[in-house]
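Contents: one structure, followed by commentary.
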Amino acid sequence: MKRDSLEYEQALDAMVAVLRARAATGAEPLTYGDLSTELKQLGHEVPAHRGQMSYLLEDASLRESPDGSLPMLSALVVLKATGRPSGGFFQLARRDHFQRLGDETELWQRELAVLAEHYSGL
């Protein structure tokens, strides 16, 4: 699956829908494997630990927050072993687009709280 292909855009639409629904019901994190399974049930093969998953998560956050002011959907996805997002989430959060500050735990917890608040009313 290549970025900017129809297949990629359809998988991205599905991912955004899954993560928005998750955010609207309290922003409880899910593992990469669980997200992969949900996407597969919707007809999209996105391996949990391959490049496509990272690109889709980044693009989901960018799509939902084009100017960086809204919460990052990718904060909902965590590693099974740690229960925390991967390093890619924190790299994205600190880039110029989002400019999130604070230590990793603080940044992530704040992002989850804002996700729950923002999406609960949608």
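Residues V16 and D59 are not in side-chain contact: their nearest non-hydrogen atoms beyond the backbone lie 4.5 Å or more apart. Annotation: side chain of Y119 is not in contact with side chain of T25 (no heavy-atom distance under 4.5 Å).
Under the 4.5 Å side-chain heavy-atom criterion for ILVMFWY residues, a single connected hydrophobic cluster contains both Y32 and F90.
At least one donor-acceptor pair closer than 3.5 Å links the side chain of E111 to the backbone N or O of M72. Between the side chain of R84 and the backbone N or O of L79 there is no donor-acceptor pair closer than 3.5 Å. Not one N or O on the side chain of S74 forms a donor-acceptor pair closer than 3.5 Å with the backbone of F89. Counting only distance, with no hydrogens or angles, the side chain of T37 and the backbone of G33 share a donor-acceptor pair below 3.5 Å. R22 places no side-chain N or O within 3.5 Å of a backbone atom of V77 that could act as its donor or acceptor partner.
Partners of D96 according to the side-chain contact (heavy atoms from CB on, under 4.5 Å) rule, which considers only residues two or more places apart in sequence or in another chain, are Q99. Annotation: side-chain contact (heavy atoms from CB on, under 4.5 Å) contacts of A27 (sequence neighbours excluded): L76, L115, A116.
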Do any side-chain atoms of residues 41-48 form donor-acceptor pairs under 3.5 angstrom with protein atoms, and if so which ones, sequence neighbours left out?
none

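In this structure, Y55 places its OH atom where only 12 or fewer heavy-atom neighbours from other residues, nucleotides or ligands lie under 6.0 Å away. For Q10, the CD atom counts as densely surrounded, since its 6.0 Å shell holds more than 12 non-hydrogen atoms of other residues, nucleotides or ligands.
For the residue pair S69 / D67, a side-chain donor-acceptor distance below 3.5 Å is found, with atom types taken as modelled.
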